[in-house]
Amino acid sequence: MNVSLDHFGVLQIEPTDRCNLSCRMCTPHFEGQAQIHGVPKGIMDLDLYRHIIDGLVADDARFDHLIFQWLGDPSLHPGLEDMVAYAQRRLTGRVGYLRIDTNAIKLNPARMDRLVQVYTQAPELPLLLVFTVDAHTPETYHHVKGQDALHRVRRNIRRFLSRRARLRGDVRLNVQLQFVVQPGNAHELGDFIGYWSDALACYGGGKGYSEIMVKRLSVAAGGEGQREADLLYERTVDALGVTDEDWGHVHIRVWSERPWASTLEAPGPRPPCAGLWATPVIRHDGHLMMCCADLPGELDLGDLATQGFRALWEGAEAERRRLAHIRGAFDEVGPCAACGGINWYHVPPEVVRGTLARAGAAALWPDYARRMLSGG
């Protein structure tokens, strides 16, 4: 069976877990933790990265898309542009698009030019840059992000938009401006949308896809404080009348999903978390992690420097954890019992049935289906 998550899952590769900000919404960096994933912070070695990418090709691994980021900011890796270029050469046809999530502080105009140049070497593979800005004024940016850098961020993003506007033909160099609603910045959402809508009109040139994403704050994957964050988000977008809209030069998007445990209504039976099927993460040291919400690194499957992706992702330990989720035994899988679950994927029934069939546990299907359909 191919390791294929087409139209379902996403592979994350972490160039580094270091960050140059101390955002209030990011506990590890806000608290200045010396270690995040249970290992020393670091930067992925480029030879190791190429070995991993070559291994994905050898295993015929395919994903909806690939994200260059987990916890740190990928722009702190001096070889980020080379990583993107290598993925273009090796993974075109195996991923739907490449994505970089960044605060843009270190992506100065020269590096923005380099990223645009890298994209033009393989324009058939879309490249999405997600800029996490979260503020409209320097004062609020400093408050929520921990540094006075908004002017630099705007300059760098405008450079990117300007360079993109000069490209010819069908441009698949896309951009998302992200605003995570949280205490301290909610009052600036309207001005944020207005500023970046105007900037995209001026610099966008109608090239590529552009969106402004209004996201809800995730508090420890549905932990204490999540409901308050959800209420703030909903009051803010409702007061401004912000909805999914297409304005022609920019798409406005609102993040509607919530972690399973944080619904304002009484939740139904907890389903298996899609993290164990759909969000493999490759840590900066080359270890394959089973879920993007597992920041402490408890769901470590092994080292891709010495083992193949297929052997680990389809191995006995990975299947044991998935079967525990299907049975509802979340306490058997490390951190899962205390987690609200990721909220941007769901496990389709056919994926559950496939997992049970591979494990020789098809007899579990009737009980699973009855529990999910009956509400308990």
Side-chain angles (χ1 to χ4, degrees), residues 1-14 52 55-56 59-67 69-70 91 94-97 99 218 221-222 257-261 267-283 287-302 304 307-362 364-365 367-369 371-373:
M1 184 192 74
N2 286 348
V3 184
S4 178
L5 295 175
D6 289 356
H7 310 297
F8 176 58
V10 51
L11 174 68
Q12 289 181 239
I13 295 180
E14 180 181 67
I52 290 170
L56 293 173
D59 272 348
D60 194 24
R62 299 169 184 267
F63 305 93
D64 182 76
H65 61 286
L66 186 160
I67 300 177
Q69 195 261 346
W70 187 15
L91 298 181
R94 298 179 181 276
V95 297
Y97 62 96
R99 167 175 162 173
S218 176
E257 294 86 355
R258 287 177 285 185
W260 169 83
R270 180 175 179 179
C273 180
L276 301 192
W277 281 264
T279 65
V281 182
I282 301 174
R283 198 169 61 194
H287 278 240
L288 178 62
M289 318 305 293
M290 206 167 183
C291 179
C292 62
D294 174 33
L295 298 188
E298 298 180 60
L299 302 181
D300 187 344
L301 289 175
L304 287 170
Q307 301 175 81
F309 180 89
R310 181 195 293 262
L312 295 176
W313 193 247
E314 295 183 346
E317 180 58 21
E319 291 295 83
R320 180 192 71 79
R321 294 167 178 171
R322 294 182 184 119
L323 286 173
H325 269 229
I326 292 172
R327 290 188 287 107
F330 299 96
D331 57 345
E332 295 181 10
V333 191
C336 297
C339 178
I342 65 170
N343 59 357
W344 47 94
Y345 289 107
H346 303 282
V347 185
E350 60 270 23
V351 172
V352 173
R353 298 195 76 160
T355 299
L356 292 173
R358 287 194 304 274
L364 293 177
W365 170 255
D367 178 68
Y368 170 82
R371 182 158 40 90
M372 291 296 107
L373 292 175

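Residues satisfying the ring pair (Phe, Tyr, Trp, His ring centres under 6.0 Å) criterion with H65, sequence neighbours excluded, are Y97. With sequence neighbours excluded, the residues that form a side chain to side chain donor-acceptor pair (under 3.5 Å) with E319 are R322. R353 pairs by the side chain to side chain contact (heavy atoms under 4.5 Å, CB included) definition with W365, not counting sequence neighbours. Among residues two or more places apart in sequence or in another chain, the side chain to side chain donor-acceptor pair (under 3.5 Å) test is passed with R320 by E317.
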- prompt: Please walk me through it: do W277 and T355 pass side chain to side chain contact (heavy atoms under 4.5 Å, CB included)?
  reply: CA-CA 10 Å; W277 281 264; T355 299; 2.8 Å; yes

task: Any chance you could lay out the side chain to side chain contact (heavy atoms under 4.5 Å, CB included) test for E314 and F309, step after step, and finish with the verdict?
output: CA-CA 8 Å; E314 295 183 346; F309 180 89; over 6 Å; no

query: Should L56 and R94 be marked as a side chain to side chain contact (heavy atoms under 4.5 Å, CB included) after you check the CA-CA gap, both sets of side-chain angles, and the distance that decides it?
result: CA-CA 9 Å; L56 293 173; R94 298 179 181 276; over 6 Å; no

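Across all non-hydrogen atoms, the minimal contact from W313 to G275 is CH2-O, 4.3 Å. Nearest heavy-atom pair across P269 and M372 is CB-CE, 3.9 Å. A pairwise comparison of heavy atoms in D59 and G308 identifies OD2-C, 3.8 Å as the closest pair. Between L299 and C291 the shortest heavy-atom distance is CD1-CB, 4.1 Å.
The salt bridge (charged side-chain N to carboxylate O under 4.0 Å, His left out) pairs that include a residue from residues 291-301 are R283-D300, where partners are two or more places apart or lie in different chains.
Taking NE2 from H287 and CD1 from I52, the interatomic distance works out to 9.5 Å, rounded to the nearest 0.5 Å. Taking SG of C292 as the reference point, atom CD1 of I67 lies at 8.0 Å (rounded to 0.5 Å). With rounding to the nearest 0.5 angstrom, the CD atom of Q69 is 12.5 Å from the CD1 atom of I13. Atom CG in L288 sits 5.0 Å away from atom CG in L301 (nearest 0.5 Å). In this structure, the separation between CG on L312 and CE on M289 is 11.5 Å, given to the nearest 0.5 Å.
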Taking only distance into account, with no hydrogens and no angle test, what donor-acceptor pairs under 3.5 Å do side-chain atoms of residues 323-334 form with protein atoms, sequence neighbours excluded?
from, atom 1, to, atom 2, distance (Å)
H325, ND1, C273, N, 3.1
R327, NH2, E332, OE1, 2.8

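Between the side chain of W70 and the backbone N or O of I282, no donor-acceptor pair lies under 3.5 Å.
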